[in-house]
Amino acid sequence: MLESGCKAVKEGMLEKRSDGLLQLWKKKRCILTEEGLLLIPPKHPPPPQQQQPASPAEPAAKMKELHFSNMKTVDCVERKGKYVYFTVVMAEGKEIDFRCAQEQGWNAAITLQMVQYKNRQAILAVRSTRQKQQHLAAPHGPRLRGASNSA
């Protein structure tokens with residue numbers, strides 16, 4: 001998403017519930033763009049015995065991209081203690097649980113960007129449909145006028 005030139009709308013830390021049996025909350029560095037949400041594991045210094053440079057493919061493999069085209073809703077907002085809990089529902093039905101401090105407003109920011117993205121896509125679809133209709137109608141118009149002029 002950032003490679004395609006999308007600017008970061010919001011950056012910071014979110015906690016994501018793991019898919020494992022224990023379902024632990026893991027901190028993720030997040031970048032919200034106009035196209036979706038990037039989840040990046042927080043940078044930890046490697047232990048002293050593992051001082052080899054990381055391969056270029058390694059950070060990309062750990063990074064997760066939640067694109068708005070695959071996102072259905074942001075649901076289940078609940079305020080408990082100092083946290084806001086919310087669920088991002090993906091198009092294929094997968095649910096991803098997040099939490100953040102109430103004052104951070106991640107759930108609202110993600111929802112707003114998702115709605116804006118869906119609106120942009122709807123406008124593009126309407127424009128595309130209109131252009132196709134105009135393109136289909138255009139060849140008939142000049143031919144008819146041209147035919148009547150030559151008669």
Side-chain angles (χ1 to χ4, degrees), residues 1-139 141:
M1 276 183 280
L2 288 177
E3 300 85 26
S4 63
C6 290
K7 64 175 180 145
V9 175
K10 183 176 177 78
E11 290 186 54
M13 296 300 281
L14 259 178
E15 290 183 59
K16 177 186 169 292
R17 192 185 336 233
S18 66
D19 295 330
L21 185 63
L22 297 176
Q23 295 190 338
L24 302 170
W25 290 101
K26 296 191 176 183
K27 289 184 187 244
K28 300 286 183 184
R29 193 167 66 89
C30 297
I31 302 172
L32 180 64
T33 70
E34 294 174 343
E35 302 290 319
L37 183 66
L38 289 171
L39 305 174
I40 306 159
K43 292 188 171 148
H44 295 291
Q49 68 269 22
Q50 296 178 350
Q51 290 286 335
Q52 302 106 337
S55 67
E58 193 179 336
K62 301 221 181 243
M63 188 171 72
K64 195 177 275 188
E65 184 177 323
L66 304 178
H67 200 280
F68 289 137
S69 62
N70 300 325
M71 209 179 277
K72 204 157 126 184
T73 60
V74 178
D75 276 346
C76 304
V77 177
E78 181 182 10
R79 287 170 171 75
K80 226 194 253 182
K82 66 177 184 173
Y83 291 110
V84 172
Y85 294 81
F86 60 98
T87 302
V88 171
V89 181
M90 302 305 286
E92 68 274 5
K94 182 177 181 180
E95 296 183 355
I96 306 166
D97 296 328
F98 292 97
R99 75 178 182 185
C100 65
Q102 286 194 32
E103 64 274 3
Q104 290 180 340
W106 273 99
N107 56 318
I110 294 168
T111 302
L112 180 64
Q113 288 304 314
M114 183 182 68
V115 167
Q116 288 178 347
Y117 173 85
K118 302 276 185 186
N119 285 344
R120 283 192 307 273
Q121 296 306 306
I123 289 167
L124 290 173
V126 168
R127 283 184 185 155
S128 175
T129 303
R130 284 185 183 160
Q131 285 175 345
K132 285 178 187 172
Q133 289 171 346
Q134 288 172 353
H135 181 71
L136 291 173

* To do: Taking all heavy atoms of Leu14 and all of Cys100, pick out the closest pair and write down the distance.
  => CD2-CB, 3.5 Å
Donor-acceptor list for residues 18-30 side chains, cut-off 3.5 Å, not counting sequence neighbours:
unit_1 : atom_1 : unit_2 : atom_2 : d
Ser18  : OG     : Leu24  : N      : 2.9
Ser18  : OG     : Leu24  : O      : 3.3

* Lys72, NZ atom: more than 12 neighbouring heavy atoms under 6.0 Å -> no
* Would you indicate whether the side-chain heavy atoms of Gln102 and Arg79 approach each other to under 4.5 Å? => yes
* About how many Å separate CD of Glu78 and CG of Asn107, when rounded to the nearest 0.5 Å? -> 12.0 Å
* Which residues share a side-chain hydrogen bond (donor to acceptor under 3.5 Å, both in side chains) with Asp75, sequence neighbours left out -> Thr73
* Closest contact, heavy atoms only, Ala8 versus Ile31 -> CB-CG2, 3.7 Å
* Asked: Below 4.5 Å, heavy atoms only, C-beta onward: do Leu136 and Gln133 meet side chain to side chain?
  -> no
* Asked: Who are the ring pair (Phe, Tyr, Trp, His ring centres under 6.0 Å) partners of Tyr117, not counting sequence neighbours?
  -> His67, Phe68
* Minimum heavy-atom distance between Ala101 and Tyr83, given as atom pair plus value -> N-CD2, 4.1 Å
* To do: Go through the steps for Lys10 and Gln113 under the test side chain to side chain contact (heavy atoms under 4.5 Å, CB included), then give the verdict.
  => CA-CA 10 Å; Lys10 183 176 177 78; Gln113 288 304 314; over 6 Å; no
* Asked: Hey, are the side chains of Trp106 and Val84 touching, using non-hydrogen atoms and a 4.5 Å cut-off?
  -> no
* Which heavy-atom pair separates Ile110 from Leu32 by the least distance, and what is that distance? -> N-CD2, 3.9 Å
* So, the side chain of Ser128 versus the backbone of Leu124: is there a donor-acceptor pair under 3.5 Å, distance only? -> no
* Asked: Rounded to the nearest 0.5 Å, what separation is found between the CE atom of Met71 and the CD1 atom of Ile96?
  -> 7.0 Å
* Asked: Hey, are the side chains of Met13 and Pro42 touching, using non-hydrogen atoms and a 4.5 Å cut-off?
  -> yes
* **Heavy-atom closest pair, residues Met114 and Val74** => CE-N, 4.1 Å
* Quick one: pull up NZ in Lys94 and CG in Leu66 and give me the separation to the nearest 0.5 Å. => 8.0 Å
* **Shortest non-hydrogen contact from Ile40 toward Met63** => CG1-CG, 3.8 Å
